[in-house]
Chemist: 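Okay, handing you the structure first.
This chain uses plain numbering: 1 for the first residue, then up along the sequence. Basis for what follows: all heavy atoms, side chains included, without hydrogens, waters or symmetry-related copies. Note that the coordinates shown come from a computational prediction; the quantities given were computed from them, not determined experimentally.
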Amino acid sequence: MKSAEIRQKFLDFFASKGHQIVASSSLVPHDDPTLLFTNAGMNQFKDVFLGFDKRPYTRAATSQKCVRAGGKHNDLENVGYTARHHTFFEMLGNFSFGDYFKRDAIHYAWELLTEVFKLPTDRLWVTVYAEDDEAYDIWTQEVGVPAERVIRIGDNKGARYASDNFWMMGDTGPCGPCTEIFFDHGEHIWGGPPGSPEEDGDRYIEIWNNVFMQYNRDDKGVLHPLPKPSVDTGMGLERISAVLQDVHANYEIDLFRTLIAAAARETSDADMDSPSLKVLADHIRACAFLIADGVIPGNEGRGYVLRRIIRRAIRHGWKLGARGPFFHRMVADLVSEMGEAYAELKEGQRRITDVLRQEEERFFATIENGMAIVEGELDAIAKAGGNTFNGETAFKLHDTYGFPLDLTADICRERGVSVDAEAFDAAMARQKAQARAAGKFRMAAALEYAGPETHFHGYESLEEQGKVLALYRDGSEVQELNEGEFGVIVLDETPFYAESGGQVGDRGELRGGAGIFAVEDTQKIQAAVFGHHGIVTTGRIVKGQAVTARVDFDARAATARNHSVTHIMHKALREVLGPHVQQKGSLVDPDKTRFDFTHNAPVTADEIRQIEEIVNREILANTATQADIMELEAAQKSGAVMLFGEKYADEVRVLTIGTSKELCGGTHVARTGDIGLFKIVSEGGVAAGIRRVEAITGENALRYLQEQERRVAGLSAAMKVQPDEVVSRVAGIIDNVRALEKEIARLKSKLASSQGDDLAGKAVEVGGIKVLAATLEGADVPTLREAMDKLKDKLGSAAIVLASAGDGKVSLIAGVTADLTAKVKAGELVNMVAQQVGGKGGGRPDMAQAGGSEPEKLPQALASVAGWVDSKL
């Protein structure tokens, strides 16, 4: 049973019991400052349990996205090293808000596990709180679980109610006993039942926890019965999938097999048991879902946790041989696997991929040097016989090469070395103190400059005569820059706009009598000193010489269009979405405008159309742009929009563009009509309550629309319909495909049945039993399983291997009837065949499956089955 089917069966079961199926909430908790990420199914119902919120339903069920990779609940360092730790996981849960209680919750759980999922009752164990006689009696007397498999867990942590089976929301508030259900994976795995000295082993695994919110704990520790006791349950989808798919580790379930295969493909690693592949399979889920829910990599809070996970994944890819961005290419595999259940993955696939690719490119630029430092330090530690990594070096890796401390610790742990965290923290504290001290006296600039200011003429002119006041190479002042050298040049007069207010710096060239300097960017060295960054392409540039400074006209014009439209768009956003909209960041360059703003819901397609209509009407009005320098107080009285929290000088520049009036020092079009055309191309969340739109103008917008038109025309031609009929035709095709898929499934089942009848006659007798090894053409794994079941019924005492091959892959399944499993084990049989076709596998003694990559060797491998079975009898 695949994970997707398990998830759906869970939800369908509780829907049949009158539960409202509630969609998973975001991984970014809203209105809960105590949580970094959503880490449990009950998070979105917290206020309901506390009585602060009331829903139109009293019982609910969810499949909740969860992340545990930061703060109190942090499983990051264990991921890849254990069988069941994840950063991202899905929690299946059913909840009662003052409706049903212990009896129904326990019976529901048992019914689902034993009747729907058909788990063997003798492999299920139960724990209850030692004093919860009610739950104990329900389990033993009503459900019928033998008393020896219902274990009472008491206060084992030195304090009253400090038990694994007593849950508390906090020091005070709702609390109560819980009952957990464990699955016995079998005596071949070490470990004892819960409560025993061997309980930390992996044989008995908790699969479901039922929490009974029965009391309210006051500040004196006294428990008072709640008038409406409630139920909060949780069952990890990955754990129950492992149980139902007859595997021991979560990383062996269908979902992870797909992602591990994708990781292996992208890193060219053939060892499917590699811990690093497991890390990649886990981390792509966490990263993609966090980005889909609006988190972006950053240096603090949720963004920093995301960056840590991404960089940990990149390091494991590096370990497997990846030397360039690869991680983002796994997004498509994840969307194929989970996109049906979580539409945000499909909708955000492109943005998720882009965010990961950009973060990879940034880290891959420094990881090689960083890894060289790590390896050098570890080699030195090994030679000295030590076991501690220098904390100062760890800080250098963090500060210079972007290695988070836990990433360095992760690398060290593989070599049995720990990091001196105290020395790391001390180095971090010193740097922060120095930054605070420097910030009091001068801007955070890398270049020391004490000369005259730069006079900016870029509002009026794109070409100006200037004098070279200073030149820098590698951060140090020099007298000249020669051909091929990168550097920074300060001029006394310039038309180049230095990056500010979200607008990127100008590019262009500085042309002197003896050389040409290509300006790639312009940044402020000081508030009124502009640094022109670039390379000498011809000759040399000398301090004191005169140059002609010429801005790239096309780039400046495109940037101006995008900046001007940002002002108009900001006003349109407020008109359509409401006055709560405030700018929270922007980036304006020649290609686009990117605008972040406060809004607590996605901008709908209809709202985007309204915004585009308002902006394009302003453009068509072709009104003149006006810039006025005025006192700050006068600007405020004029109604000019100011950014909350921004500090302004006493004298400010007020820009009026169409009906928009804002404070702005950027460069803009002369008339709104110069913008040409406006189109929003993307919208999404970047943080809790923060949305982002990207838009294009002018020729970029025209090319975008022409490309969309070309695509529609291509679809129209391929389908032989008019363009306005494409949508309905596609919908019809999708319906047809779904119908065909159902018919294919029916025919495959029929084929399996008929082939099973034909193959039964081909079995040979070996040592008094029937042995069959055969190929079913075109069969998938479910078809092989169905055919196997029919053949075992027909042949009686038998050992069977069925195979199918296609697209360079082999699928194998082995079955052994119950009377033979003491001598012939299906897991060993299928592994013997799989090894001959470039694979491996295993499973239960009566049923096992495997795969391979060398179908040309399949006939010979199947021919060896009879002899192998004979040797076991």
Chemist: To the nearest 0.5 Å, tell me how far Glu337 CD sits from Leu255 CG.
Modeler: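 Going from the CD atom of Glu337 to the CG atom of Leu255 covers 4.5 Å.
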
Chemist: Does any donor atom in the side chain of Ser25 or Gln64 lie under 3.5 Å from an acceptor atom in the other side chain?
Modeler: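 Present: a donor and an acceptor within the cut-off.
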
Chemist: Tell me if a side-chain donor or acceptor on Thr821 pairs with a main-chain N or O of Asp846 at a distance below 3.5 Å.
Modeler: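 Such a contact is absent between Thr821 side chain and Asp846 backbone.
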
Chemist: Can you tell me if Glu148 has over 12 outside heavy atoms packed within less than 6.0 Å of its CD?
Modeler: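 Counting other residues, nucleotides and ligands, CD of Glu148 exceeds 12 neighbours.
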
Chemist: Counting only heavy atoms from other residues, nucleotides and ligands, does the tally under 6.0 Å from NZ of Lys9 exceed 12?
Modeler: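 Result for NZ/Lys9: open.
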
Chemist: State, with a plain yes or no, whether a side-chain heavy atom of Val331 is found less than 4.5 Å away from one of Ile284.
Modeler: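 Result yes, sub-4.5 Å side-chain heavy-atom pair found.
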
Chemist: Regarding Ser864 and Gln836, is there a side-chain donor-to-acceptor distance under 3.5 Å anywhere?
Modeler: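 Yes, a side-chain donor-acceptor pair sits under 3.5 Å.
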
Chemist: Determine whether the side chains of His85 and Asp282 contain a donor N or O and an acceptor N or O closer than 3.5 Å.
Modeler: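 Absent: no donor and acceptor within the cut-off.
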
Chemist: Is there side-chain contact between Phe95 and Thr62, with heavy atoms separated by less than 4.5 Å?
Modeler: yes

Chemist: Closer than 3.5 angstrom, by distance alone: can the side chain of Ser163 be matched with the main-chain N or O of Asp155 as a donor-acceptor pair?
Modeler: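 Side chain of Ser163 to backbone of Asp155, a donor-acceptor pair under 3.5 Å: no, none is there.
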
Chemist: Could you walk me through whether Leu277 and Leu259 pass the side chain to side chain contact (heavy atoms under 4.5 Å, CB included) test, one step at a time?
Modeler: CA-CA 9 Å; Leu277 293 183; Leu259 298 178; over 6 Å; no

Chemist: Look only at the side chain of Thr775 and the backbone of Ser804, and say whether a donor-acceptor pair between them is shorter than 3.5 Å.
Modeler: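 No; judged by distance alone, with no hydrogens or angles, the pair does not exist.
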
Chemist: Would you mind telling me which of Val801, Ile813, Thr783 makes a side chain to side chain contact (heavy atoms under 4.5 Å, CB included) with Met788?
Modeler: Ile813

Chemist: Is it true that the side chains of Ser797 and Asp819 contain a donor and an acceptor less than 3.5 Å apart?
Modeler: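 Asp819 and Ser797 do have a side-chain donor-acceptor pair below 3.5 Å.
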
Chemist: Verify, without hydrogens or angle tests, whether Arg203 (side chain) and Trp190 (backbone) share a donor-acceptor contact under 3.5 angstrom.
Modeler: no

Chemist: Specify the closest pair of heavy atoms between Ile153 and Gly195, including all atoms of both residues, with the distance to one decimal.
Modeler: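 Of all heavy-atom pairs spanning Ile153 and Gly195, the closest is CD1-CA, 4.0 Å.
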
Chemist: For the backbone of Asp137 and the side chain of Glu142, can you confirm whether one donor and one acceptor N or O come within less than 3.5 Å of each other?
Modeler: no

Chemist: When you compare the side chain of Thr87 with that of Arg68, does any pair of heavy atoms fall below 4.5 Å?
Modeler: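 No, side chains not in contact.
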
Chemist: Is any side-chain heavy atom of Arg785 less than 4.5 Å from a side-chain heavy atom of Met847?
Modeler: yes

Chemist: Could you check if a side-chain atom of Glu252 sits within less than 4.5 angstrom of a side-chain atom of Asp246, using non-hydrogen atoms only?
Modeler: no

Chemist: Give the minimum heavy-atom separation between Lys319 and Ser276, together with the two atoms involved.
Modeler: CD-OG, 3.6 Å

Chemist: Could you go through His107 and Tyr100, starting from their C-alpha distance and side-chain angles, then the distance that decides it, and tell me whether this counts as ring pair (Phe, Tyr, Trp, His ring centres under 6.0 Å)?
Modeler: CA-CA 11 Å; His107 279 282; Tyr100 62 84; over 10 Å; no

Chemist: Have Lys102 and Gln214 got a donor and an acceptor in their side chains that come within less than 3.5 Å?
Modeler: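 Gln214 and Lys102 do have a side-chain donor-acceptor pair below 3.5 Å.
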
Chemist: I'd like to know whether Phe182 forms a ring pair (Phe, Tyr, Trp, His ring centres under 6.0 Å) with Tyr204, so could you lay out the CA-CA distance, the side-chain angles of the two residues, the decisive distance to 0.1 Å, and finally the verdict.
Modeler: CA-CA 6 Å; Phe182 288 74; Tyr204 297 86; 7.8 Å; no

Chemist: Go through the steps for Tyr129 and Tyr136 under the test ring pair (Phe, Tyr, Trp, His ring centres under 6.0 Å), then give the verdict.
Modeler: CA-CA 8 Å; Tyr129 182 54; Tyr136 182 86; over 10 Å; no

Chemist: Is the Tyr251 to His86 ring centre distance short of 6.0 Å?
Modeler: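 Ring centres of His86 and Tyr251 closer than 6.0 Å.
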
Chemist: Would you call the rings of Phe183 and His185 parallel, tilted or perpendicular, where under 30° means parallel and over 60° means perpendicular?
Modeler: perpendicular

Chemist: Got Val810 and Glu854 here, is their nearest side-chain heavy-atom distance under 4.5 Å?
Modeler: no

Chemist: Can you see which heavy atom on Pro174 is nearest to which on Phe49, and at what distance?
Modeler: CG-O, 4.3 Å

Chemist: Do the non-hydrogen side-chain atoms of Val211 and Val231 ever get within less than 4.5 Å of each other?
Modeler: no

Chemist: Can you check whether Ser96's main-chain N or O pairs, donor with acceptor, with Arg59's side chain at less than 3.5 Å?
Modeler: no

Chemist: Which distance, rounded to the nearest 0.5 Å, do you find between the OG1 of Thr258 and the CZ of Phe256?
Modeler: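 Reported to 0.5 Å precision, the distance equals 10.5 Å.
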
Chemist: Check whether any side-chain heavy atom of Glu206 sits under 4.5 Å from a side-chain heavy atom of Arg239, and report yes or no.
Modeler: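 A side-chain contact exists here, since the closest heavy-atom pair is under 4.5 Å.
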
Chemist: Quick check: closest heavy atoms across Arg149 and Val145, and the distance to 0.1 Å?
Modeler: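 Smallest interatomic distance, heavy atoms only, reads CB-CG1, 4.1 Å.
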
Chemist: Testing Ile240, Asn94, Asn210, Ile181 one by one against Met235 for a side chain to side chain contact (heavy atoms under 4.5 Å, CB included), which residue passes?
Modeler: Ile240

Chemist: Is it true that atom CD of Glu111 has more than 12 heavy atoms of other residues, nucleotides or ligands lying nearer than 6.0 Å?
Modeler: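 Yes.
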
Chemist: Are Arg315 and Glu414 within salt-bridge range, i.e. N to O under 4.0 Å?
Modeler: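 Looking at Glu414 together with Arg315, the answer is yes, because their closest N to O distance falls below 4.0 Å.
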
Chemist: Ignoring hydrogens and geometry beyond distance, is a side-chain donor-acceptor pair present between Asp269 and Ser274 at under 3.5 Å?
Modeler: no

Chemist: Just by distance, no angles: are the side chains of Asp254 and Ser3 close enough, under 3.5 Å, to form a donor-acceptor pair?
Modeler: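 Looking only at side-chain atoms, Ser3 and Asp254 do form a donor-acceptor pair, the distance falling under 3.5 Å.
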
Chemist: Looking at NZ of Lys770 and CG of Leu820, how far apart are the two atoms once the value is rounded to the nearest 0.5 Å?
Modeler: 12.5 Å

